[in-house]
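Order of appearance sets the numbers: ligands from 1, and atoms from 1 within every ligand.
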Amino acid sequence: MRIESLARFPLAQLPTPIEELKSLARELGGSELLIKRDDQTGLALGGNKTRKLEFLVGQALEQGADTLVTAGAAQSNHCRQTAAAAARVGLRCELLLNGTKPELPNGNLLLDELLGARIHWIQPSERVTKLRELPDQLREEGHKPYVIPVGGSNGVGATGYVLAMVELVEQLHAINRRVDHVVFASSSGGTQAGMVVGAKVTGFAGTLHGVSIDKDNRDGAPYGYELADIANETAQYIGFDAQFAANDFNVEYSYLGGGYGVVNDLEREAIRLLASREGIVLDPVYTGRSMGALIDMILKKAFRSNETVLFWHTGGAPALFAYAQDLV
Ligand SMILES: *Cc1c(COP(=O)(O)O)cnc(C)c1O
């Protein structure tokens, strides 16, 4: 493997802490619960994109780019963290956001503006074309754009989560604890793909459960194939000789609720429970849903009482403020 020699720009505060969720575990009964605090990675309020951006920005700088271009939802955590990374390293940032400009920006969008990103409002159906046209236009203007895919989910970005898995295994070794299940939100796939590659690199024996936020399992569960593609690209990028297939990924498809970014009781109750019992803030789109899934899995006795379950907090709390009307 050649992880040490890959281009990387330090942006994250690592390792992120592992904490015990004692009150929550007591209330739910059953398994011991741990939480890995990737909401505390640093970089403009943190989140899972920081680890990916270390490698993406590293490659952008190596290629002599002067502008980062990426796309996402109006409340995209990935776009906010990309804007912050660009500001930190002195690059320009151009964001393609879904929808129309609101009268007053809030949450991640407010941060995008403060961080100095240039925002282009588009329709979701235009995304693929605009992700090609905007860089072409920037090149014509004499810029050197570096395009980051949605969620930073390619082999370069997912490399951050291979190392996150190495970090987890080292931390568990140091405190002499075993984790049987890891539960986390999965959407554009780089996090899950990187973790699965990392589990193979380290020999991690626990089960990784990606809670699908927005992909369903109709038509042969295409998300599994996307995850395998990203994992294979990652293995190749880091020089790790392994092949991944769709059935190497556990995806929980039962928690799609009202769809992407729609807050229902599952998310609302999980957010309130973690806030009121543990003083931990979840987000309305990803961690509220994946923690809701974890709670449901515990209540349905998906785990044995002598097993330890780790919730991997992937960040996102800035979006809470933009969803206030759905949470109170
Ligand atoms: C992007 C994001 C995820 C999903 O990670 P992917 O790598 O896109 O699957 C989970 N949680 C939060 C808070 C995110 O912003």
Side-chain angles (χ1 to χ4, degrees), residues 12 16 35-41 43-56 70-85 97 107-109 111-112 148-165 182-198 208-215 223-224 226-231 233-234 249-253 255-256 260-261 263 267 270-271 274 280-294 311-323:
T16 58
I35 185 166
K36 173 93 170 131
R37 301 293 305 271
D38 272 17
D39 55 323
Q40 308 281 310
T41 53
L43 191 63
L45 305 181
N48 65 339
K49 305 310 180 307
T50 309
R51 291 184 190 268
K52 300 176 178 185
L53 284 163
E54 288 204 334
F55 289 93
L56 292 161
T70 197
Q75 283 299 323
S76 164
N77 301 300
H78 164 66
C79 289
R80 177 247 312 163
Q81 291 192 273
T82 301
L97 301 184
N108 283 309
L109 182 58
L111 296 176
D112 294 342
I148 299 178
V150 173
S153 287
N154 57 15
V156 179
T159 298
Y161 269 88
V162 178
L163 289 184
M165 205 64 210
V182 178
V183 178
F184 53 93
S186 192
S187 174
S188 67
T191 302
Q192 186 164 7
M195 281 184 193
V196 166
V197 175
L208 304 175
H209 304 262
V211 176
S212 177
I213 297 302
D214 53 353
K215 311 289 196 303
Y223 189 46
E226 281 177 45
L227 288 166
D229 284 347
I230 302 169
E233 207 184 301
T234 308
F249 300 87
N250 290 308
V251 182
E252 310 291 339
Y253 289 106
Y255 301 98
L256 295 168
Y260 182 84
V263 177
E267 295 83 16
I271 291 169
L274 264 284
I280 290 177
V281 181
L282 301 175
D283 84 281
V285 180
Y286 299 94
T287 54
R289 182 163 292 175
S290 49
M291 178 54 88
L294 169 54
F311 178 73
W312 204 311
H313 194 326
T314 46
L320 269 181
F321 306 103
Y323 279 80

| message | At less than 4.0 angstrom from any non-hydrogen atom of Gly316, what atoms of ligand 1 do you find? | response | 13 (C)
| field | Ser186 side chain vs Ser212 backbone, donor-acceptor pair below 3.5 Å | value | no
| field | For Asn77, the ligand 1 atoms whose distance to one of its heavy atoms is below 4.0 Å | value | 13 (C), 14 (C), 15 (O)
| request: Do me a favour and list the nearest non-hydrogen protein atom to atom 8 (O) of ligand 1 with residue, atom name and distance? | output: Ser188 OG, 2.5 Å
| task | Would you please determine whether Gly151 falls within less than 4.0 Å of ligand 1 on a heavy-atom basis? | result | no
| message | Test your reading of the model: is there a side-chain donor-acceptor pair from Arg80 to the backbone of Asn108, 3.5 Å cut-off? | response | no
| Looking at Ser153, which atoms of ligand 1 are within less than 4.0 Å of one of its heavy atoms? | 7 (O)
| Centre of Phe249's six-membered ring, under 6.0 Å away, within 45 degrees of the axis: is that where NZ or CZ of Lys215 sits? | no
| message | To check your reading of the model: name the closest protein heavy atom to atom 13 (C) of ligand 1, its residue, and the distance in Å. | response | Gly315 O, 3.2 Å
| request: For Lys52 and Gly151, indicate whether the former's side chain and the latter's backbone hold a donor-acceptor pair under 3.5 Å. | output: yes
| said: Using a plain distance cutoff, I'd like to know if Asp283 has any nitrogen or oxygen under 3.5 Å from a nitrogen or oxygen of ligand 1. | reply: no
| request: Give the residue, atom name and distance (to 0.1 Å) of the protein heavy atom nearest atom 9 (O) of ligand 1. | output: Ser187 N, 2.7 Å
| Counting from 1, what ligand 1 atoms have a heavy atom of Lys52 closer than 4.0 Å? | 6 (P), 7 (O), 8 (O)
| request: Please write down residue, atom name and distance for the protein heavy atom closest to atom 14 (C) of ligand 1. | output: Lys49 NZ, 2.9 Å
| query | Short question: side chain of Ser290, backbone of Tyr286 - any donor-acceptor pair under 3.5 Å? | reply | yes
| query | What atoms of ligand 1 come closer than 4.0 angstrom to any heavy atom of Gly189? | reply | 6 (P), 7 (O), 8 (O), 9 (O)
| note | The atoms of ligand 1 lying under 4.0 Å from a heavy atom of Ser186, numbered in the order shown, are 9 (O)
| query | Does the side chain of Trp312 come within less than 4.5 Å of Leu208's, by heavy atoms? | reply | no
| task | Would you check if there is a donor-acceptor pair between the side chains of Ser187 and Arg289 at a distance under 3.5 Å? | result | no
| query | Should you measure from each heavy atom of Gly190, which atoms of ligand 1 turn up under 4.0 Å away? | reply | 7 (O)
| task | Answer with yes or no whether Asn48 contacts ligand 1, where contact means a heavy atom under 4.0 Å from a ligand atom. | result | yes
| Numbered atoms of ligand 1 (with element) below 4.0 Å of Thr314, judged on heavy atoms | 10 (C), 11 (N), 12 (C), 13 (C)
| query | Donor-acceptor pair, His313 side chain versus Val281 backbone, under 3.5 Å? | reply | yes
| So how far is it from Thr234 OG1 to Asn154 CG, rounded to the nearest 0.5 Å? | 7.5 Å
| query | Do Thr50 and Gln81 have a side chain donor and acceptor closer than 3.5 Å? | reply | yes
